[in-house]
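This report refers to the structure that appears directly beneath it.
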Number of protein chains: 2
Amino acid sequence: MIFDDFLRHRRGEQILPEDRAALESSVGEVRSLPARMTLVRKGEPVHFSTYLVEGLICRYMDDREGLRQLVAVHVPGDFVDLHAYPLKHLDHDLATLTACKIATVPHKNLDILMSDRPGLVKLLWFSTLLDAAMHREWIFRLGRLDAVARVGHFFCEIEAKLRAVGLSDGVSFELAMTQNDLGEACGITSVHMNRMLRMLKEQGLLEMRASRVQMLDRPALARLRARSESC
Amino acid sequence: MIFDDFLRHRRGEQILPEDRAALESSVGEVRSLPARMTLVRKGEPVHFSTYLVEGLICRYMDDREGLRQLVAVHVPGDFVDLHAYPLKHLDHDLATLTACKIATVPHKNLDILMSDRPGLVKLLWFSTLLDAAMHREWIFRLGRLDAVARVGHFFCEIEAKLRAVGLSDGVSFELAMTQNDLGEACGITSVHMNRMLRMLKEQGLLEMRASRVQMLDRPALARLRARSESC
DNA sequence: CGAATCTTTGAGTGGTTTCAAGGGCTGTGG
DNA sequence: CCACAGCCCTTGAAACCACTCAAAGATTCG
């Protein structure tokens, strides 16, 4: 089923079978998308929300020179732009990083869910709050960590998300992001990202070769968080 | 009434009188708090949410050396930690910046609202999505802007929030934050914040003296956003 | 096999931090 | 009323981290 992975990382929040069935039946269409395709542009009115089944999707904002800052990376099982439902439009852009399979859910179907299944509403709300919590981690990362630590922190986060839906064994996983993408997520240039990856490899913490990431020393990666800019 | 300023910055979302009355009646207690007091610590179970009536409240995370990164600054009219309601606990700390007047709303009262007033649920959800949108602005600010631009961007944002609830006339407003606080919000040191404020003053864009901010050239402040690190 | 994209590396520059010290303001107690 | 403590603001000098610019090597894809 399409929504099998939805909120799978939050076992505390069990989804009732009826609610899940309601979700399934609210799907408009299932589509395959190519890599690096813009789904929604900032400010456009949106009439459906996107659930990610396969692949990677990112949300980003850019300055007037067109330089991107990623604000989120989504993995399968994420309801990507549920935000657009109450807000009616997005304050940022949405694009695929890799080839993706998505399910679109028309907002009018969500309206029906809202009135019919109050329990599900809380779950959907909950799901957007997890996104917000993730945003806060990104703020912390960009505001308080130096480049190496940002990279370590980012990989820890993405690995945890992938593991929750069975796409990581805890050590090694696929991540089809370029060093430029990673830089746009961590607020550093692709050149510097390259140097940070080399540093992590030399220290035996993490290795990335051709879309395959190996977390060789997870505890050490997490510890980078303590070594902030100011120390 | 306590909730007069709730969502006042979003005229599109009118609150029904009955809904507002229901909100008012769900208030547990109204309290005055001193400046620089921690309200909720990360991870603690929370059984009520806080609505800010007067003063400034910040949310922050810190690294192991105790260095703070603010992730949000709240002004009167903000439902500060509605997040804690579906999530049951917070992933960050909550503290007053100035002396505050708050209204606490027990979660059991929110449970009643949830079942009785479905329209209100969407409004509360909406309110947390505005916070998330603000988080994204912060990510952008920290990831893509240099120090001057971050400061300009921050003041533009806080001014807009204050203006929405009548606490700014569009040019001048009270903001009882120290240069250290501002630095913790913008991801720079207090020393550098001092230099940036001097620079803004010398260029006639903004002046801050003893908690009073004067935005002398708002368009120019907003334009700083275009001059990213890479240019 | 060639073109495009991504990765890698070096050298030089610049923005921010750190360290350090002095000045100003406010509140408190003698 | 003055002295003092504490906190915040201010400024300078030096070190360092990350950026820019540039060019060459590797990989992917048509």
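Just so it is clear: chains get the letters A, B, ... in the order the sequence lines come, proteins before strands, and each one is counted from 1.
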On the 0 to 90° scale, with breaks at 30° and 60°, tag the [X]-[Y] ring pair as parallel, tilted or perpendicular.
X      : Y      : value
A/F3   : A/Y51  : tilted
A/H92  : A/H83  : perpendicular
B/W138 : B/F154 : perpendicular

Interatomic spacing from CG in A/D5 to CD in A/E54 - rounded to 0.5 Å:
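Going from the CG atom of A/D5 to the CD atom of A/E54 covers 10.5 Å.
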
Could you measure the distance from the CE atom of A/M1 to the CZ atom of A/F6? Nearest 0.5 Å is fine.
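A/M1 CE to A/F6 CZ: 16.0 Å, rounded to 0.5 Å.
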
In this structure, which one of B/L124, B/V40, B/T104, B/D81 forms a side-chain contact (heavy atoms from CB on, under 4.5 Å) with B/S49?
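Considering B/L124, B/V40, B/T104, B/D81, a side-chain contact (heavy atoms from CB on, under 4.5 Å) with B/S49 is found only for B/D81.
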
Whole angstroms only, please: what is the [atom1]-[atom2] distance between [X] and [N]?
X      : N      : atom1 : atom2 : value
B/M196 : D/dT11 : CE    : P     : 12 Å
A/R36  : D/dT28 : CZ    : P     : 15 Å
A/I188 : D/dC19 : CD1   : P     : 6 Å
A/R195 : D/dC16 : CZ    : P     : 17 Å
B/K201 : D/dT11 : NZ    : P     : 8 Å
B/R209 : D/dC9  : CZ    : P     : 14 Å
B/E202 : D/dT11 : CD    : P     : 8 Å
B/H192 : D/dT11 : NE2   : P     : 14 Å

Is a side-chain donor-acceptor pair under 3.5 Å present for A/D181 with A/T178?
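Side-chain D/A pair, A/T178 to A/D181: present.
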
If you check the A/V191 side chain, which of C/dT17, D/dT11, C/dG10 turns out closest?
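Of all the options, the side chain of A/V191 is nearest to C/dG10.
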
Under 4.0 Å between a side-chain N or O of [X] and OP1 or OP2 of [N]?
X      : N      : answer
A/N194 : C/dT7  : no
B/T189 : C/dT16 : no
A/T178 : C/dC6  : no
B/R198 : D/dT11 : yes
B/Q179 : D/dT10 : yes

If we fit an axis to the first five pairs and another to the last five of the helix from C/dC1-D/dG30 to C/dG30-D/dC1, what angle do they make, to the nearest 10°?
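Between the axes fitted at each end of the helix from C/dC1-D/dG30 to C/dG30-D/dC1 lies an angle of 40°.
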
For B/A210, answer base if it contacts any base atom (sugar-phosphate contacts may also be present), sugar-phosphate if it contacts only those atoms, and nothing otherwise; contact means non-hydrogen atoms under 4.0 Å.
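Nothing: the residue B/A210, judged by heavy atoms under 4.0 Å, touches no strand.
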
